[in-house]
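Reviewing the structure listed below.
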Amino acid sequence: MRSTVRKEIQEAVAAYEDKPRDQWLFDYPAQVGLTGSQVWWATDVQIAFERVEEGFETALKDYNKKQITQLNSLIHMLLGELTPGDRQKIMTICTIDVHARDVVASLISQKVTTAQAFSWLSQLRHRWDDETRHCYVNICDAQFQFSYEYLGNTNRLVITPLTDRFPTPDHEWCPLWASRDW
């Protein structure tokens, strides 16, 4: 099962740019589409940062506009006829895409211009490595190999600023944690 999920993710990541995303999503199971989408989100943001460093000051804003267009396309699809499985897949990807849009909007409002900024590094970033043929998940300076366990097509919790906070060593962002004797 794991080798199949891995192979499917590899194929999905490679095929992402071959057709519009709203068509690409229907070519793969939910977990594969979601993972491939997250790989390409991190890749696209990385490319936008590289373009900013090359002097294209609006690269992140341009990418944010692309995100909004993609999100609107998914929302339009949800208003139409979908199988229950496809509807769940699109709703899940919408949830993740809204969070991704908000992350990029936050980077723009903070005037972040480099991929080395903590506000970007502290995000959960998926990437595909062609050399090792593995998906990796990075956050800050940690890297984990994706385990390719079958997760199915499940609901995702809404991502809010409270659930998305990266804890600081003193846990000052959460009063409940701050009151604990660690």
Side-chain angles (χ1 to χ4, degrees), residues 12-13 16-17 20-25 30-31 33-79 88-129 135-144 146 154-180 182:
V13 169
Y16 184 84
E17 294 182 299
R21 182 173 182 242
D22 55 353
Q23 293 173 20
W24 170 86
L25 288 171
Q31 178 180 351
L34 179 60
T35 304
S37 222
Q38 289 177 299
V39 166
W40 274 98
W41 170 68
T43 300
D44 284 345
V45 173
Q46 189 69 35
I47 290 168
F49 277 128
E50 289 168 7
R51 292 189 69 224
V52 166
E53 290 174 6
E54 293 169 358
F56 297 98
E57 295 177 11
T58 63
L60 273 175
K61 289 180 183 177
D62 295 343
Y63 177 63
N64 190 240
K65 289 177 188 172
K66 177 183 174 181
Q67 286 181 293
I68 292 167
T69 300
Q70 288 178 332
L71 193 54
N72 285 335
S73 175
L74 294 178
I75 291 167
H76 181 72
M77 288 170 35
L78 285 171
L79 298 174
Q88 183 63 54
K89 174 170 48 173
I90 302 303
M91 287 185 345
T92 299
I93 291 174
C94 270
T95 301
I96 300 299
D97 279 5
V98 166
H99 173 67
R101 177 208 59 197
D102 292 348
V103 166
V104 172
S106 176
L107 295 171
I108 292 166
S109 71
Q110 294 174 34
K111 299 182 181 359
V112 175
T113 59
T114 176
Q116 297 307 310
F118 181 75
S119 51
W120 171 241
L121 293 177
S122 65
Q123 301 302 316
L124 199 62
R125 303 172 324 278
H126 290 67
R127 69 178 183 85
W128 182 262
D129 187 307
C135 181
Y136 294 93
V137 182
N138 296 80
I139 187 164
C140 294
D141 62 351
Q143 175 173 279
F144 305 94
F146 194 82
T154 61
N155 290 328
R156 294 295 188 274
L157 292 175
V158 174
I159 303 167
T160 68
L162 185 57
T163 61
D164 190 43
R165 295 292 297 264
F166 187 77
T168 58
D170 60 2
H171 309 290
E172 64 187 33
W173 60 271
C174 180
L176 293 174
W177 284 39
S179 66
R180 291 210 154 134
W182 296 92

Could you walk me through whether F49 and V112 pass the side chain to side chain contact (heavy atoms under 4.5 Å, CB included) test, one step at a time?
CA-CA 9 Å; F49 277 128; V112 175; 3.7 Å; yes

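- Residues passing the ring-ring contact (aromatic ring centres under 6.0 Å, His included) test with Y16 are W24, W40, sequence neighbours excluded.
- Using a 4.5 Å heavy-atom threshold, the side chains of T92 and Q88 count as touching.
- Rounded to the nearest 0.5 Å, atoms NZ (K89) and SG (C94) are 12.5 Å apart.
- Residues satisfying the side chain to side chain donor-acceptor pair (under 3.5 Å) test with Q143, not counting sequence neighbours, are R127, N138.
- If you take CG on D102 and CG on N64, they are separated by 9.0 Å, rounding to the nearest 0.5 Å.
- Residue A59 comes nearest to A48 through the heavy atom pair CB-O, 3.4 Å, listed as atom of the first residue, atom of the second, then distance.
- How far CG of L60 is from CD of Q67: 9.0 Å, rounded to the nearest 0.5 Å.
- Separation of atoms CD1 (I108) and OG1 (T113) is listed at 12.5 Å; rounding is to 0.5 Å.
- A distance of 9.5 Å separates CD1 in I47 from OH in Y63, rounded to the nearest 0.5 Å.
- In terms of heavy-atom proximity, C135 sits nearest to V39 at SG-CG2, 4.1 Å.
- Shown here for G36 and V13, the closest heavy-atom pair between the two residues is CA-CG2, 4.0 Å.
- In terms of heavy atoms, L107 sits closest to S119 at CD2-OG, 3.6 Å.
- Exactly one of V103, V98, D97, V104 qualifies for a side chain to side chain contact (heavy atoms under 4.5 Å, CB included) with R101. That residue is V98.
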Identify every side-chain donor-acceptor pair in residues 68-79 under 3.5 Å, counting partners at least two apart or on other chains, and give the distances.
{"from": "T69", "atom 1": "OG1", "to": "K65", "atom 2": "O", "distance (Å)": "3.1"}
{"from": "N72", "atom 1": "ND2", "to": "I68", "atom 2": "O", "distance (Å)": "3.3"}
{"from": "S73", "atom 1": "OG", "to": "D22", "atom 2": "OD2", "distance (Å)": "2.9"}

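- With sequence neighbours excluded, no residue forms a side chain to side chain donor-acceptor pair (under 3.5 Å) with T35.
- Inter-residue side-chain proximity for K66 and R21 is flagged as unmet; no heavy-atom pair is nearer than 4.5 Å.
- Heavy-atom minimum distance, W41 versus A100: NE1-CB, 3.3 Å.
- Here the shortest heavy-atom pairing between A42 and H126 reads CB-O, 3.3 Å.
- Within the 3.5 Å criterion, the main-chain N or O of A115 finds no donor-acceptor partner in the side chain of Q46.
- For T58, the side chain to side chain contact (heavy atoms under 4.5 Å, CB included) partners are D62, not counting sequence neighbours.
- Residues passing the side chain to side chain donor-acceptor pair (under 3.5 Å) test with S106 are Q110, sequence neighbours excluded.
- Residue F144 holds its CZ atom at 8.5 Å from CD1 of I139, rounded to the nearest 0.5 Å.
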